[in-house]
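This structure is a prediction, so every number in the text was calculated from the model and none was measured.
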Amino acid sequence: MKSIGYVPESFVVKVITCIMSEADSKSSQDDLRRMSWFRRLLPRRRSRPPKKRSNLWRLIGYIKPYWLHFAAATACGLVKMLVPVAIAYMIGEFVNILSLANAGKITHEAAWGQLRHFMFMGTGVLLIAPVPIYLRSSLAARATQEVVCNLRCDLYAHIQKLSHSFFDSNRSGWLTSRIIGDVEAVQPFIGRAFVQVWMSIGMISVVLGYLFYKNVHLGLISICMVPVQLLIQRKLGWKVQENACAVRDRLADLSGSAQEKLSAATIVKAFTGENEEIQRFSDSSSSLVDLGVKNSKLGGLSEACMGFTRISSQLLLILAGGYLALFHSEKVSIGLLLQFIMMQGQIYMPFEWLNEMQLLIAAALGASDRIFTIFDTEPEIANKPGAIRAKRFTGEIVLENVTFSYPSSSRKVFDNLSLVAPARTTLALVGPSGGGKTTVTNLLNRFYDWDEGRILIDGRDIRDYTIYSLRSQIGLVPQEPILFSGTIEENILYGRPGASFEEVKEAARRAYALEFIEETEDGFNTMLGERGVRLSGGQKQRVSIARAFLKDPSIIVLDEATSALDSESELIVQQAIEDLMKDRTTLVIAHRLSTIRNADQIAVIDDGRVVELGEHEELLGLNGIYARLCSQQFELLPETWERYKNGEVHDGSRVTSS
């Protein structure tokens, strides 16, 4: 993947950027005003705030490593575009030769010899022309795909490195639209517009050079409407770009909403919300209709204006050129006038091409703004200078006077929270919903950084460790197992990529998953579908536990790992979890009471504070929050509650969770 480079500004690039409605900063306008030829094209200072131009140069920075490919594609495209110019030149010479022969100034034999000479030249042009056409397409396509791939991969890699808070505030559908949709919107600019700009510059330069060389007066007449054409493009370009940006933003919102609802299809159907969602999607889609129609109207208006200026210029050239050919034939021949008329289109045509591509260019510039806005987002959680790679933890966890509030809220989740989990022991975290139990595990993984205090593992602040080495030694078994749409083996391998098949199989055996895996038709190669939809809840959880076994972490976090399972699945999963907990420091959040009974410590967290701490029997004897939660969860008769406190009731018992 290529890094974003700096591309120096040049005068030519400034001019073309102006044509594409991008050079709107005050400094660029002042530079162009110094050119008398453009003096009247640019409006005086606008009240509109200047837009950033840096993102355009950053995008071009991705193109820079492939400049040879684009230069070769541009050269081939220029050859292709000059074929009509060569044909126009030869036709003009044909007419001049015939005129001289009919006037008796040269013999017919000499005229025929010259005609055959030009005919051979035309045949050579016809035979050679397909080669640059093919090369132009293939070279540009290869370089464009490489640039787009690098940009997309860099964007995805950057998003993966962003902090948890970034994903809290941005929907997955919105991010997918950035990675896929916006990068695709940039592709036409790279593959077509970028090359077309340089081809157009070359075409205009060659044709103007020839026309002015032949006759300065006719050359000036040929370009007399160019300033008007540029002014029209300048005026309409703002509206086209703003409208294109609005379309992309609306599409991103629509994409995010659609993905959110499709991923929750079960809930939509369970609450019979299909019709409401269809109507909501239809209303959102209908809002795009007006924007699309507006785009078409702007495009049609621009096309009509371009056609008017081109035809007007041709009429002026015919009128003035006809006058010169009649009354000053020694300066302007019929053949020369014909060349001017035919070549004049090659001056205005590049501007019309740019006009047709304005929607693509505007969409690309708007998309690049959104893309580089993400690139400019820095991870809130990063390795501190001098961070070390953590060795294998023994697993002692200490929270010292930790104060924390989430970035999106000013409410303190923790206020001077202190907690200790000795190495290779089990600490259960229970308490009312919203008390902050899951937040402890989020801070332990450094998904967020706390405001005050310290969190230590093996006596060292976890911020001293590199993030990767810290998280690689913490295993997570969540309430809702997250599986990917690959095979069972690929999902288990996510715990430790590169592990052998035998190690994967052993992890599945220890997680009590081997039996059901081998009963499937394809075994470990069974495709799971999105989020493991082809497996039951208990099977998915066992695959998740197998992943944790393969990772072999020093610390295990069990976040309500069995609360969503039926009793039969829960018993199997519970046995796998107990095996996983052996010889590891384990944090259990609102797990089954049989596990909590055996925990070395149970911490009751309420309103961000540890209000009760001790073993199971101790906390029941306090008749405090822990005892109340147990009683409320079971809803037991008094005599059954007494049996439970005496240890006679175990299975199927749970504690409320956050």
Test your reading of the model: is there a side-chain donor-acceptor pair from [X] to the backbone of [Y], 3.5 Å cut-off?
X: Asn96; Y: Gly335; result: yes
X: Thr74; Y: Phe70; result: yes
X: Glu490; Y: Thr487; result: yes

Considering all heavy atoms of both residues, which atom of [X] and which atom of [Y] are nearest to each other, and what is their separation?
X: Ser368; Y: Leu59; result: CB-CD2, 4.3 Å
X: Ser163; Y: Pro379; result: OG-C, 3.4 Å
X: Gly321; Y: Leu218; result: CA-CD2, 3.8 Å
X: Ile381; Y: Phe447; result: CG1-O, 3.7 Å
X: Thr144; Y: Gly191; result: OG1-CA, 3.1 Å
X: Pro188; Y: Ala185; result: CD-O, 3.3 Å

Practice problem: Quick one: do Phe375 and Asp154 satisfy side chain to side chain contact (heavy atoms under 4.5 Å, CB included)? Show the steps, please. | Solution: CA-CA 9 Å; Phe375 274 121; Asp154 280 359; 3.8 Å; yes
Beyond-backbone contact of [X] with [Y], side-chain heavy atoms, under 4.5 angstrom:
X: Asn150; Y: Tyr66; result: yes
X: Gln314; Y: Ile341; result: no
X: Arg136; Y: Val195; result: yes
X: Tyr89; Y: Glu93; result: yes
X: Leu82; Y: Met203; result: yes
X: His158; Y: Leu162; result: yes
X: Ile159; Y: Phe167; result: yes
X: Ile221; Y: Phe340; result: no

Distance (rounded to the nearest 0.5 Å) between [X] [atom1] and [Y] [atom2]:
X: Leu317; Y: Met225; atom1: CG; atom2: CE; value: 13.0 Å
X: Arg152; Y: Gln187; atom1: CZ; atom2: CD; value: 7.5 Å
X: Leu151; Y: Phe372; atom1: CG; atom2: CZ; value: 5.5 Å
X: Met90; Y: Leu115; atom1: CE; atom2: CG; value: 12.0 Å
X: Gln344; Y: Leu208; atom1: CD; atom2: CG; value: 10.5 Å
X: His69; Y: Ile63; atom1: NE2; atom2: CD1; value: 13.5 Å

Could you tell me whether [X] atom [atom1] has more than 12 heavy atoms of other residues or ligands within 6.0 Å of it?
X: Tyr494; atom1: OH; value: no
X: Leu98; atom1: CG; value: yes
X: Met527; atom1: CE; value: yes
X: Tyr134; atom1: OH; value: no

Exercise. Decide side chain to side chain contact (heavy atoms under 4.5 Å, CB included) for Ile223 and Phe212; before the verdict, give the C-alpha distance in whole Å, the side-chain angles of both, and the deciding distance to 0.1 Å.
Key: CA-CA 11 Å; Ile223 64 171; Phe212 276 92; 3.9 Å; yes
Practice problem: Give me the ring orientation class for Tyr448 and His164: parallel if the planes are under 30° apart, tilted from 30 to 60°, perpendicular past 60°. | Solution: tilted
Quiz item: Looking at Val95, Ile97, Asn102, which one forms a side-chain contact (heavy atoms from CB on, under 4.5 Å) with Ser99?
Solution: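 Considering Val95, Ile97, Asn102, a side-chain contact (heavy atoms from CB on, under 4.5 Å) with Ser99 is found only for Val95.
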Exercise. Applying side chain to side chain contact (heavy atoms under 4.5 Å, CB included), run through Val186 and Tyr62 and close with a yes or a no.
Key: CA-CA 12 Å; Val186 167; Tyr62 272 89; over 6 Å; no
Exercise. Return each pair, listed once, that meets side chain to side chain donor-acceptor pair (under 3.5 Å) where at least one residue sits in residues 203-231; pairs must be two or more places apart or across chains.
Key: Tyr210-Gln339
Self-check item: Donor + acceptor pair across side chains of Tyr156, Gln160 (<3.5 Å)
Solution: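 Side chains of Tyr156 and Gln160: pair found under 3.5 Å.
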Quiz item: Do Lys384 and Asp449 meet the salt-bridge criterion of a basic N to acidic O distance under 4.0 Å?
Solution: no
